[in-house]
Amino acid sequence: MRVIIAKDYDGISRTAASIIAKEIRAKPRAVLGLATGSTPLGTYKELIRMHKEESLDFSGVRTFNLDEYFGLPPEHPQSYHTFMSENFFDYVNVKAENVSIPDGTVTDVESFCAGYEESIRKAGGIDLQLLGIGRDGHIGFNEPGSSLGSRTRLKTLAEETVRDNARFFGGEEKVPRLALTMGIGTILEARKLVMLASGAEKAGAVKNAIEGPLSSQVTASALQLHPQVAVVIDEKAARLLDRREYYLYVEKMAEQVEHDTGI
Ligand code: GLP
């Protein structure tokens, strides 16, 4: 696991965007797993800048989003469909037919989720999955207690997550209680994982995910099982890490030997 500690939010955004850009330049038909939330916003901004100024080309890129609120139609202002259009897709040249986001309006949830997994497989699997982390240590909407082998399914949001997301909906009572989300098993099948975290309020989750025991109570700890993970965090989010100095030292050494870990 690479732990990259950047100075601040801009630093994590630039680092994450350059990892993603490197993937696309090496593989123009890359399959990207995308995430929502406030944390990846800077990464999307930087990718948009690279598209405009450095001709980063998304025309062959295929994308799968991690999750969507259940019950929200795509055009709902707080749906993850809207989020992705407003913050990324409207500004780059990803083809509409190459975008997949779970549909929160489906009635046959089971067959929809099986179909979502099937489309990922048919696309050749996800090359690089971008992730944020919730304060309770969730990735996607895999709340504490989610099986580490889980697949795409309907999940009940934890109270803490509902509270955290209330700011987007203008009140807790308006936040959907259910979501469709890729499972931990689905996420672990991506070839590379990049997890972002910023700010002191994520420090506990980051510590538990990276240095805590592997546990379904902190679903991000499942990243410890994956051979190609970059955890990209700012100094505030890294505040509680016991081995912080070591991670910084490893990155310095990697720079010196221009060691390529594949991420
Ligand atoms: C939601 C999303 C997650 C995201 C988390 C943290 O629960 N489903 O993918 O990582 O929020 O969001 P933020 O980045 O806004 O803190």
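All residue numbers refer to positions in the sequence shown, counting from 1. Whatever order the structure lists them in is the order used to number ligands and atoms, beginning at 1.
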Study note, to complete from the structure: Here the atoms of ligand 1 under 4.0 Å from any heavy atom belonging to Gly132 are 10 (O)
With a 4.0 Å heavy-atom cut-off (strictly under), which part of [X] contacts ligand 1: side chain, backbone, both or neither?
X      : value
Ile133 : backbone
Glu143 : neither
Tyr80  : side chain
Ser38  : both
Asp67  : side chain

So does [X] pair up with [Y], basic N to acidic O under 4.0 Å?
X      : Y      : value
Glu235 : Lys7   : no
Arg121 : Glu118 : yes
Arg14  : Glu46  : no
Asp8   : Lys236 : no

Point to revise | Rounded distance [0.5 Å steps], CZ in Arg239 versus CG in Asp234 | key: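 That separation rounds to 11.0 Å.
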In the protein, which heavy atom is nearest to [atom], and how far is it?
atom                    : answer
atom 14 (O) of ligand 1 : Thr39 OG1, 2.4 Å
atom 4 (C) of ligand 1  : Thr36 O, 4.0 Å
atom 9 (O) of ligand 1  : Gly140 O, 3.6 Å
atom 16 (O) of ligand 1 : Lys202 NZ, 2.5 Å
atom 12 (O) of ligand 1 : Gly37 CA, 3.9 Å
atom 5 (C) of ligand 1  : His138 NE2, 3.8 Å

Enumerate, atom names and distances included, each donor-acceptor pair closer than 3.5 Å involving a side-chain atom of residues 131-142, sequence neighbours excluded.
from   : atom 1 : to     : atom 2 : distance (Å)
Arg135 : NE     : Asp164 : OD1    : 3.3
Arg135 : NE     : Asp164 : OD2    : 3.1
Arg135 : NH2    : Asp164 : OD1    : 2.7
Asp136 : OD1    : His138 : N      : 3.2
Asp136 : OD1    : His138 : ND1    : 2.7
Asp136 : OD2    : Thr161 : OG1    : 3.4
His138 : ND1    : Glu143 : OE1    : 2.9
His138 : ND1    : Thr161 : OG1    : 3.4
Asn142 : OD1    : Arg153 : NH1    : 3.0
Asn142 : OD1    : Arg153 : NH2    : 2.9
Asn142 : ND2    : Ile139 : O      : 2.9
Asn142 : ND2    : Met182 : O      : 2.9

Exercise for review: Could you tell me whether ligand 1 has any atom less than 4.0 Å away from a heavy atom of Arg167?
Suggested key: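 A heavy atom of Arg167 does come that close to ligand 1.
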Donor-acceptor pairs under 3.5 Å, side chain of residues 27-37 to any protein atom, not counting sequence neighbours: which ones?
from  : atom 1 : to     : atom 2 : distance (Å)
Lys27 : NZ     : Asp127 : OD1    : 2.8
Lys27 : NZ     : Asp127 : OD2    : 3.0

Review point. Short N/O distance, under 3.5 Å, between Thr161 and ligand 1?
Key: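 No: no nitrogen or oxygen of Thr161 is under 3.5 Å from one in ligand 1.
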Practice item. Check the angle between the aromatic planes of Tyr44 and Phe83 and answer parallel, tilted or perpendicular using the 30° and 60° thresholds. Key: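 Rings of Tyr44 and Phe83: perpendicular, over 60°.
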Exercise for review: Measure from NZ or CZ of Arg167 to the centre of the six-membered ring of Phe169 and say whether it is under 6.0 Å with the direction within 45° of the ring axis.
Suggested key: no
